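Worksheet: the structure to be examined is printed underneath.
Indexing begins at 1, ligand by ligand and atom by atom, following the structure's order. Keep in mind that this is a model prediction, so the values were computed, not measured.
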Amino acid sequence: MSIAKLARRVVRALTPYQSARRIGGSGHVWLNANEAPLSPAFTVQSNKFNRYPECQPAQVVDGYAAYAGVNADQVLVSRGADEAIELLIRTFCEAGQDQILICPPTYGMYAISAETCGVGIVEQPLTTDRQPDWPAIRDALSEVKLVFLCSPNNPTGDLVGRDGLIALLEAARDSAIVVVDEAYIEFCPDASVVDLLARFPNLVVTRTLSKAFALAGIRCGFTLASPQVIALLAKVIAPYPIPDPVAQIAAQALTPAGLALMQARVMDLNEQKAALKRALTTLPCVREIFEDKGNFILVRFHDGARVFAAMKAAGIILRDFSNKPGLGESIRITVGYQDEMDAVLKVLRDLTANTMSASNSADDTAPVSRL
Ligand code: PMP
């Protein structure tokens, strides 16, 4: 008997999330997972590894509450924001009955978590100006329990408009929870909607230490919400979700010194991003540069496959989005430090130069591929 037959139907049918580490690939410049380029150096003490950790380590919860400007009873710490997404679905959606709403193209784990939980998915694609389709979402509210919005949106880099969000929160007040995923908000902190938590008990904000805090390896994320929502999620979360070394490192990252380090990193990366964007605008192989509010830039090329292959050959791993609806020929580039950005630009300039020399030597009738 095949053991696979014993698995749940949804699991047998599932295509797992193609995470950067799962896809793998050989290269020395990793720009495919929106990670920070360098690890911060925090230390861990090993005098209590014999004990189970606190379920919700107070230092981490208090530290994040102070940083985010909310009360401690509005914070839940989890294994990355990914666990927060799944907890929300498991807490609020009945398997085989309820649905979530997503606005593709967006972060893939909302749909995958829903699928693994046997929860349906309503898709309302982003509009042509890459905003949530507010009227369509409002019309679908009676069919969904959770609406997932991502701001800045991965992979397009756009912010969700505040007025539209407020109107949606009003409309959904008694029927649905609106989740705003702020995984990248440190790169544009003024755009956070955390202040709206005071007005809307149906708003949930998810955050992470994986991006601006440069701690993707420790797996630490946060849910910010009304105390009522946090209490419900706390019923569902695993008994000991946060390993003690993770709590120790997260607590250090949330001290004033840790926050200052993070902010300096954000300033640096935002400068690199602006420089990358300026350089990209001068390259003939670039067709469109998407919004840049996160630590990444999605770029539509004339020939995305050729760019991707050339990067790979040069040891640079990027994330290909060309098979996503509306994102043909598009590749997402994580913003790293200058040497990494220089390496990316060198490949693009070399490709441009090669194409031009090919077009100069070709006869007029031969088709010349554009990048
Ligand atoms: N939300 C978005 C938009 C993301 O891009 C990611 C990670 N790529 C996550 C959530 C998950 O973050 P974490 O590492 O905290 O699980």
Side-chain angles (χ1 to χ4, degrees), residues 16-23 30-37 39-40 60 64 67-68 75-89 100 102-114 116 126 130 132 146-160 178-188 191-193 204-224 233 237-238 241-243 246-247 249-250 253-254 262 269 290-298 317-321 324 327 332-336:
Y17 182 68
Q18 299 298 299
S19 73
R21 281 309 95 76
R22 219 171 210 171
I23 296 171
W30 287 10
L31 301 174
N32 62 342
N34 297 343
E35 297 152 323
S39 173
V60 179
Y64 204 85
Y67 160 64
V75 176
L76 187 90
V77 51
S78 58
R79 284 169 294 208
D82 278 342
E83 187 184 29
I85 293 165
E86 192 186 291
L87 273 178
L88 284 160
I89 293 172
I100 67 160
I102 60 171
C103 304
T106 191
Y107 183 49
M109 280 307 293
Y110 314 134
I112 289 185
S113 289
T116 52
L126 295 177
R130 294 197 299 269
L146 293 169
V147 176
F148 281 95
L149 303 174
C150 190
S151 184
N153 186 42
N154 177 8
T156 62
D158 301 273
L159 292 172
V160 164
V178 180
V179 183
V180 179
D181 181 339
E182 292 191 342
Y184 300 95
I185 202 65
E186 282 82 11
F187 296 95
C188 51
S192 174
V193 297
V204 170
V205 176
T206 56
R207 297 275 190 89
T208 181
L209 298 189
S210 297
K211 308 301 176 183
F213 285 87
L215 290 172
I218 73 164
R219 311 304 300 124
C220 188
F222 297 88
T223 306
L224 311 177
L233 298 174
I237 199 167
I242 310 300
V246 172
I249 293 169
L254 294 166
M262 179 276 285
L269 289 173
F290 289 69
E291 257 302 348
D292 65 346
K293 295 292 190 279
N295 65 339
F296 54 87
I297 303 183
L298 185 70
I317 316 176
L318 305 180
R319 184 92 185 192
D320 182 12
F321 280 89
K324 302 288 176 207
L327 300 185
R332 194 190 64 195
I333 306 170
T334 299
V335 174

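- Distances below 4.0 Å separate heavy atoms of Ser210 from the following atoms of ligand 1: 13 (P), 14 (O), 15 (O).
- Using a 4.5 Å heavy-atom cutoff, the side chains of Thr206 and Leu88 are in contact.
- Using a 4.5 Å cut-off on side-chain heavy atoms (C-beta onward), Phe148 and Thr106 make no contact.
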Please report, to 0.1 Å, the donor-acceptor pairs under 3.5 Å made by any side chain of residues 209-223, with sequence neighbours excluded.
{"from": "Ser210", "atom 1": "OG", "to": "Thr208", "atom 2": "OG1", "distance (Å)": "3.0"}
{"from": "Lys211", "atom 1": "NZ", "to": "Ala33", "atom 2": "O", "distance (Å)": "3.2"}
{"from": "Lys211", "atom 1": "NZ", "to": "Tyr184", "atom 2": "OH", "distance (Å)": "3.4"}

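- Both tests pass for Arg319 against the ring of Tyr17: distance under 6.0 Å to the centre and angle within 45° of the axis.
- When hydrogens are left out, the protein atom nearest atom 11 (C) of ligand 1 is Asp82 OD1, 3.2 Å; that is the closest non-hydrogen contact.
- Where the criterion is an N or O separation shorter than 3.5 Å, residue side chain and backbone included, Arg79 fails it with respect to ligand 1.
- The shortest contact between atom 6 (C) of ligand 1 and any protein heavy atom is with Tyr107 CZ, 3.4 Å.
- Here Asp181 has side-chain heavy atoms under 4.0 Å from ligand 1, and that is the only part of it that gets that close.
- For atom 12 (O) of ligand 1, the closest non-hydrogen atom on the protein side is Ala81 CB, 3.8 Å.
- Heavy atoms of Cys150 approach ligand 1 to within less than 4.0 angstrom.
- With a 4.0 Å heavy-atom cut-off, ligand 1 is reached by the side chain of Lys211 but not by its N, CA, C or O.
- The side-chain heavy atoms of Glu83 and Ile237, taken from C-beta on, include a pair separated by under 4.5 Å.
- Taking 4.5 Å as the limit, every side-chain heavy atom of Val193 sits out of range of all side-chain heavy atoms of Ser151.
- Aromatic rings from Phe296 and Phe290 are positioned such that their centres are separated by 6.0 Å or more.
- In terms of polar-atom proximity, Cys220 is not counted as a contact of ligand 1, lacking any N or O under 3.5 Å from an N or O of the ligand.
- For ligand 1, the atoms sitting less than 4.0 Å from at least one non-hydrogen atom of Arg219 are 13 (P), 14 (O), 16 (O), numbered in the order shown with element in parentheses.
- Residue contacts with ligand 1 do not include Glu83, since none of its heavy atoms lies under 4.0 Å from the ligand.
- Polar contact check, Tyr184 against ligand 1: a nitrogen or oxygen pair lies under 3.5 Å apart.
- Checking Asn154, Asn32, Thr156 one by one against Arg332, the side chain to side chain donor-acceptor pair (under 3.5 Å) holds for a single residue, Asn154.
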